[in-house]
Amino acid sequence: MTEKKQDLRVQKTRESIRRAYLDLLREHSTKEITVTQICQLARINRGTFYLHYQDTQDLLDCLINELMEELSDILHKYSPQQLNENPFPIIYEAFSHFADHADILPLLQKNSNSGFLEKLKSMINEIALTEWLPMHGDHKAEDYPYINAFIVSGTIEVFQVWLQSGMQKSTGELAALIERLALQGIG
């Protein structure tokens, strides 16, 4: 029972720290935010902050890593064969995941030094090269880097346009559009 209370307190403290950081991120770049500012806004002392995070970069890294782990779980939920047969569910779930985090993603995108987009590119790049492209025997292996660059860049650009538009398209509309473009092209 005591452990649950402690876990709840830890969760509440971490959430308070994260909320304060995100609030500050709306007004400042990642490099401008200090531990002192976070502590003041979260109404905690510096010692409490340092119980959870090494510094502001560690906090940012934790936020990004959690997003990426959740996305990785989604991307690995489906086999490459399932994706090849019907890409809609994985695209829909990935963009739904992003929509669930609409409070943080525009802030991470705005702060290009956060490393978020680079990690996203790297994840898509690795999965496409190791899992998706090898299924298509009609492509030469030496063409994989080019095909992969097209897939990764297209996905990231669509994601950025969606964020910049305030996520106006629903995840279903966006997934259907991406699926159509991936399977049929522009024509």
Side-chain angles (χ1 to χ4, degrees), residues 1-77 90-127 152-175 178:
M1 186 77 139
T2 318
E3 195 173 307
K4 276 191 176 181
K5 274 188 180 179
Q6 186 178 20
D7 286 348
L8 186 58
R9 278 185 275 170
V10 168
Q11 288 174 351
K12 284 183 176 183
T13 300
R14 282 183 178 230
E15 184 56 35
S16 177
I17 292 169
R18 290 167 184 228
R19 262 194 322 272
Y21 182 73
L22 292 177
D23 286 347
L24 290 166
L25 204 53
R26 284 173 179 62
E27 310 263 334
H28 307 283
S29 75
T30 54
K31 292 185 180 202
E32 295 172 328
I33 298 172
T34 66
V35 171
T36 301
Q37 290 172 313
I38 295 169
C39 291
Q40 287 172 344
L41 200 53
R43 296 183 174 185
I44 60 168
N45 63 46
R46 291 175 65 86
T48 301
F49 178 91
Y50 289 116
L51 283 174
H52 301 281
Y53 304 100
Q54 294 173 5
D55 53 24
T56 57
Q57 185 61 49
D58 183 41
L59 170 56
L60 176 62
D61 290 344
C62 285
L63 289 169
I64 291 172
N65 289 338
E66 285 176 15
L67 286 170
M68 298 310 290
E69 285 173 23
E70 292 168 4
L71 180 61
S72 178
D73 289 345
I74 292 167
L75 295 178
H76 288 97
K77 182 176 169 180
I90 194 170
I91 298 167
Y92 177 80
E93 281 193 50
F95 277 92
S96 292
H97 167 68
F98 293 138
D100 290 344
H101 297 286
D103 60 332
I104 186 173
L105 289 173
L107 302 174
L108 293 176
Q109 182 199 23
K110 180 182 84 172
N111 285 279
S112 58
N113 60 341
S114 71
F116 172 70
L117 288 177
E118 290 75 24
K119 286 185 180 188
L120 184 59
K121 284 180 187 178
S122 177
M123 178 184 288
I124 295 169
N125 183 47
E126 183 179 329
I127 290 172
V152 172
S153 296
T155 304
I156 296 300
E157 286 300 317
V158 167
F159 172 72
Q160 288 183 295
V161 168
W162 185 56
L163 284 180
Q164 290 166 353
S165 74
M167 299 179 178
Q168 289 180 356
K169 275 201 177 295
S170 74
T171 53
E173 290 173 316
L174 196 59
I178 293 169

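Here the structure is a predicted model, which means the values were calculated and not measured.
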Can you tell me how far apart CD (Glu15) and CG (Leu22) are? Round to the nearest 0.5 Å.
8.5 Å
Closest non-hydrogen atom pair, His97 against His101
O-CD2, 3.1 Å
Given side chains that start at C-beta, do those of Glu93 and Leu75 come closer than 4.5 Å, heavy atoms only?
no
So, applying side-chain contact (heavy atoms from CB on, under 4.5 Å) with Tyr21, which one of Ile104, Leu41, Leu107, Thr30 is it?
Thr30
With a 4.5 Å cut-off on side-chain heavy atoms, are Lys169 and Phe95 touching?
no
Taking all non-hydrogen atoms of both residues into account, name the closest pair between Thr171 and Ser96 and its distance.
OG1-OG, 3.4 Å
Look up atom CD in Gln40 and atom CZ in Arg46, then write down how far apart they are to the nearest 0.5 Å.
10.0 Å
From Ile64 CD1 over to Glu118 CD, what is the distance, rounded to the nearest 0.5 angstrom?
9.0 Å
Minimum heavy-atom separation for Phe49 to Cys39, with atom names?
CB-SG, 3.7 Å
Of all heavy-atom pairs linking Thr13 and His52, the shortest is CG2-NE2, 3.5 Å
With side chain to side chain contact (heavy atoms under 4.5 Å, CB included) as the criterion, how do Gln160 and Leu117 come out once you've worked through the C-alpha distance, each side chain's angles and the decisive distance to 0.1 Å?
CA-CA 9 Å; Gln160 288 183 295; Leu117 288 177; 3.0 Å; yes
Do His76 and Ser72 have a side chain donor and acceptor closer than 3.5 Å?
yes
Working to the nearest 0.5 Å, report the span between CG of Asp103 and CG of Leu108.
9.5 Å
Please examine the side chains of Val35 and Tyr50, heavy atoms only from C-beta on, and report whether any two atoms are closer than 4.5 Å.
yes
State whether the side chain of Trp162 and the backbone N or O of Leu174 hold a donor-acceptor pair below 3.5 Å, judged by distance alone.
no
Can you confirm if the NZ or CZ of Arg18 lies within 45° of the ring axis of Tyr53 and under 6.0 Å from the centre of its six-membered ring?
no
What's the shortest heavy-atom distance between Ile33 and Thr56, and which atoms?
O-CG2, 3.6 Å
If you compare all heavy atoms of Leu105 against all heavy atoms of Leu67, which two are closest, and at what distance to 0.1 Å?
CD2-CD1, 4.0 Å
Does the Asn65 side chain pair with the main chain of Asp61, one donor and one acceptor, at a distance under 3.5 Å?
yes
Checking the side chain of Glu126 only, and the main-chain atoms of Met123 only, is there a donor and an acceptor separated by less than 3.5 Å?
no
Mind checking whether Val152 and Leu120 have side chains closer than 4.5 Å, heavy atoms only?
no
Have Thr48 and Asn45 got a donor and an acceptor in their side chains that come within less than 3.5 Å?
yes
Indicate yes or no for a side-chain donor-acceptor contact from Gln37 to the backbone of Thr34 under 3.5 Å, with no hydrogens or angles considered.
yes
Side-chain H-bond candidate by donor/acceptor type, Ser16 with Arg43, under 3.5 Å
no
Taking atom CD of Glu66 as the centre, report whether more than 12 heavy atoms of other residues, nucleotides or ligands fall under 6.0 Å from it.
yes
Can you tell me how far the CD1 atom of Ile124 sits from the CZ atom of Phe159, to the nearest 0.5 Å?
9.0 Å
Would one find more than 12 heavy atoms of other residues, nucleotides or ligands at under 6.0 Å from atom CD of Gln164?
yes
CZ of Arg14 to CZ of Arg19, rounded to nearest 0.5 Å, is 14.5 Å
If you define the side chain from C-beta out and look only at heavy atoms, does anything of Phe98 sit under 4.5 Å from Leu163?
no
Taking Leu24's backbone N and O only, do any of them form a donor-acceptor pair with Glu27's side chain (distance below 3.5 Å, no angle check)?
no
Within the 4.5 Å heavy-atom criterion, are Lys77 and Asp73 side-chain neighbours or not?
no
